[in-house]
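Beneath this line is the structure, given in structure tokens, with notes to follow.
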Amino acid sequence: MGERISKTGPIWAFVALIVLGLGLLAVGCGDGETTTTAAPDTTTTAAPDTTTTTAAAPEKEVTKIGVVVPEEGSDYGWNQEGVESAQALADELGVGIEVADGAGYEDPGPVLRQLVDNGADFLFAHASGYATQAMQVAEETKVPVVVIGAFEGGLVPGLSQDLETHAEEGSYLAGYLAAKMTKTKTLGIVISADDENWTKMAGGFVAGARSAMPDAKVIMAQIGQAGYADAAGGKRVTEAVIAGGADVVYGMGDGSSFGMIQAAETAKPPAGADKVWFIDVIGDKTSLDKKGVYLTSVWWDYLPLFKQAVQAYKDGTFGTEVFYMSVANDSIKLIKTDHIPDEVWAELEKIKADIISGAVEVPVLTDKAAVEALIKQ
């Protein structure tokens with residue numbers, strides 16, 4: 001048998017080699033197709049494509065901020081706080097800013113469009129009455145706008161971001177402080193208008209005062225329909241509240257608060273008191289206090305929320321949820337003055353922590369009648 005193989009082996013070996021080679025070639029081609037269409041192809045179409053998709057969505061950038069406010073940006077109140085917070089934001093981002101102050105309370109649309117024409121690519125419409133027109137401008141120009149106080153109606157994903165307040169929290173602290181400082185057990189609240197923010201703050205103030213002094217008497221008075229800038233009206237109404245026995249007055253009024261402070265400075269203190277204290281809102285007028293009556297202010301610092309709004313724009317979540325000013329994010333806080341005793345300030349810090357943790361629940365009253373009902377209790 002070995003001899004037969006010896007004679008015929010080369011031919012059959014050659015044939016066998018050809019057959020084997022063809023078989024290997026066929027198997028090799030089959031294996032190549034399976035590898036390409038299975039594991040390698042799956043890997044190629046998954047990881048690289050995902051990476052490409054992520055890279056195609058660059059972070060949005062802000063290059064110039066535009067701000068519109070209804071009154072002068074140097075009012076030590078609503079307008080100045082908005083302008084200064086926007087300026088601080090621009091400085092932090094290293095971008096330009098254009099401010100249009102004194103724009104009034106009517107249609108801000110033309111002013112906002114002008115800001116966009118001048119290169120603003122991120123807008124702040126700093127008045128609750130600006131919401132509708134500001135959102136229209138954002139839709140037309142595709143430039144995002146932050147609306148202040150649209151009362152949860154200012155959300156349009158990618159275009160309009162609404163900022164609201166839990167201002168009642170800071171007012172609860174102010175009410176507690178007022179009850180600790182009064183000598184007549186009578187507190188005054190003066191509001192410039194039937195405004196939702198003022199209502200929430202008045203309710204928080206009453207609740208805070210009653211937590212420290214359950215029998216505290218509260219007198220609330222209103223200047224007019226829209227007496228925000230009515231300094232003379234603020235003085236007149238505050239004098240009437242003081243005449244009713246209030247030796248601590250909580251005033252909410254923007255420009256009208258200057259008249260309220262003047263009343264606290266010049267009015268004869270009610271029986272049992274040696275002076276009248278004034279508690280302010282939103283701004284910081286401590287530098288203007290020459291008579292020593294400015295007890296504190298429930299200060300609104302917009303910068304934390306302005307920064308949050310820009311970050312949301314960059315992240316792609318702008319306009320998807322309402323942002324709130326609160327004591328927790330330090331955008332609403334009391335100003336510490338030398339008039340506040342250290343032991344009382346320590347109590348306020350404890351209450352602030354309890355508000356943040358939820359141990360103290362501050363009522364949210366959004367209409368004046370509810371506040372009046374609370375006062376009567």
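Predicted model, so just to flag it, every value in this text is computed and none were measured.
Shortest non-hydrogen contact noted between Val276 and Pro270 is CG2-CD, 4.0 Å. Residues Phe323 and Ala312 share a closest heavy-atom pair of CZ-CB, 4.0 Å. Of all non-hydrogen atoms in Leu295 and Thr337, the two that sit nearest each other are O-OG1, 2.7 Å. Between Tyr76 and Ser287, the shortest heavy-atom distance links the atoms CE2-OG, 4.0 Å. Between Ile279 and Ala174, the closest heavy-atom pair is CD1-O, 3.8 Å. Closest approach of Ala267 to Ile242, counting heavy atoms only: CB-CD1, 3.9 Å.
Both Leu374 and Met220 sit in one connected hydrophobic cluster of ILVMFWY residues. Membership requires side-chain heavy atoms under 4.5 Å apart, directly or through other members. Taken together through direct or relayed side-chain contacts under 4.5 Å among Ile, Leu, Val, Met, Phe, Trp and Tyr, Met252 and Val248 form part of one hydrophobic cluster. Cluster annotation: Met181 and Ile340 are assigned to the same hydrophobic cluster (Ile/Leu/Val/Met/Phe/Trp/Tyr, side-chain heavy-atom contacts under 4.5 Å, transitive).
The local environment of NZ in Lys217 is sparse, with at most 12 non-hydrogen atoms from other residues, nucleotides or ligands closer than 6.0 Å. Within 6.0 Å of NZ on Lys185 lie no more than 12 heavy atoms contributed by other residues, nucleotides or ligands. Dense packing is recorded around NZ of Lys336, with more than 12 heavy atoms of other residues, nucleotides or ligands lying under 6.0 Å away. The 12-atom threshold is exceeded at CG of Asp117, counting heavy atoms of other residues, nucleotides or ligands nearer than 6.0 Å. Enclosure of atom CD in Glu106 is not indicated, since only 12 or fewer non-hydrogen atoms of other residues, nucleotides or ligands lie within 6.0 angstrom. Glu361 CD: 12 or fewer foreign heavy atoms inside a 6.0 Å radius.
Side-chain contact check for Phe318 versus Val146: some heavy-atom pair is nearer than 4.5 Å. Residues Tyr172 and Ser211 meet the side-chain proximity criterion, which asks for heavy atoms closer than 4.5 Å. Taking the side chain as every heavy atom from C-beta outward, Gln133 and Leu112 never approach each other to under 4.5 Å. Looking only at side-chain heavy atoms (C-beta outward), Tyr250 and Ser171 come within less than 4.5 Å of each other. Between Lys235 and Phe258, the closest side-chain pair of non-hydrogen atoms is not below 4.5 Å. Two residues are said to be in side-chain contact when any heavy atoms from C-beta on lie closer than 4.5 Å; Glu168 and Met201 fail this criterion. Side-chain contact check for Phe205 versus Leu187: some heavy-atom pair is nearer than 4.5 Å. In this structure, Thr366 and Thr199 have side chains that are not in contact, with every pair of non-hydrogen atoms separated by 4.5 Å or more.
Remark: Asn118 CG to Arg113 CZ distance equals 14.0 Å, nearest 0.5 Å. The CE atom of Met135 sits 9.5 Å away from atom CD of Glu139, with the distance rounded to the nearest 0.5 Å. Between the CD1 atom of Ile351 and the CD atom of Glu169 there is a distance of 13.0 Å, given to the nearest 0.5 Å. Rounded to the nearest 0.5 angstrom, Ser256 OG and Ile223 CD1 are separated by 3.5 Å. Residue Lys200 holds its NZ atom at 3.5 Å from OG1 of Thr165, rounded to the nearest 0.5 Å. How far OH of Tyr176 is from CD of Glu347: 3.5 Å, rounded to the nearest 0.5 Å.
Listed for the Tyr313 side chain is no donor-acceptor partner under 3.5 Å among the backbone atoms of Pro144. The closest donor-acceptor contact from the side chain of Asp121 to the backbone of Lys64 lies under 3.5 Å. A donor-acceptor contact shorter than 3.5 Å links the side chain of Gln161 to the backbone of Gly319. When atom types are taken as modelled, the side chain of Lys307 and the backbone of Glu92 share no donor-acceptor pair closer than 3.5 angstrom. Not a single donor-acceptor pair under 3.5 Å links the side chain of Asp354 to the backbone N or O of Val360. Between the Thr182 side chain and the Ala178 main chain, no donor and acceptor come within less than 3.5 Å of each other. In terms of modelled atom types and a separation under 3.5 Å, the side chain of Asp254 and the main chain of Tyr228 share no donor-acceptor contact. Distance alone, capped at 3.5 Å, is enough to place a donor-acceptor pair between the Asn329 side chain and the Ser326 backbone. A side-chain donor-acceptor contact under 3.5 Å links Asp289 to the backbone of Val293. The closest donor-acceptor contact from the side chain of His126 to the backbone of Trp78 lies under 3.5 Å.
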Please step through side-chain contact (heavy atoms from CB on, under 4.5 Å) for the pair Phe124 and Val69, ending with a clear verdict.
CA-CA 9 Å; Phe124 289 94; Val69 296; over 6 Å; no

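A cation-pi geometry, defined here as NZ or CZ lying under 6.0 Å from the six-membered ring centre and within 45° of its normal, does not hold between Lys291 and Phe278.
No salt bridge links Lys368 with Asp194; every basic N to acidic carboxylate O contact stays at or beyond 4.0 Å.
Aromatic ring orientation, Phe306 versus Tyr302: parallel (interplanar angle below 30°, classes split at 30° and 60°).
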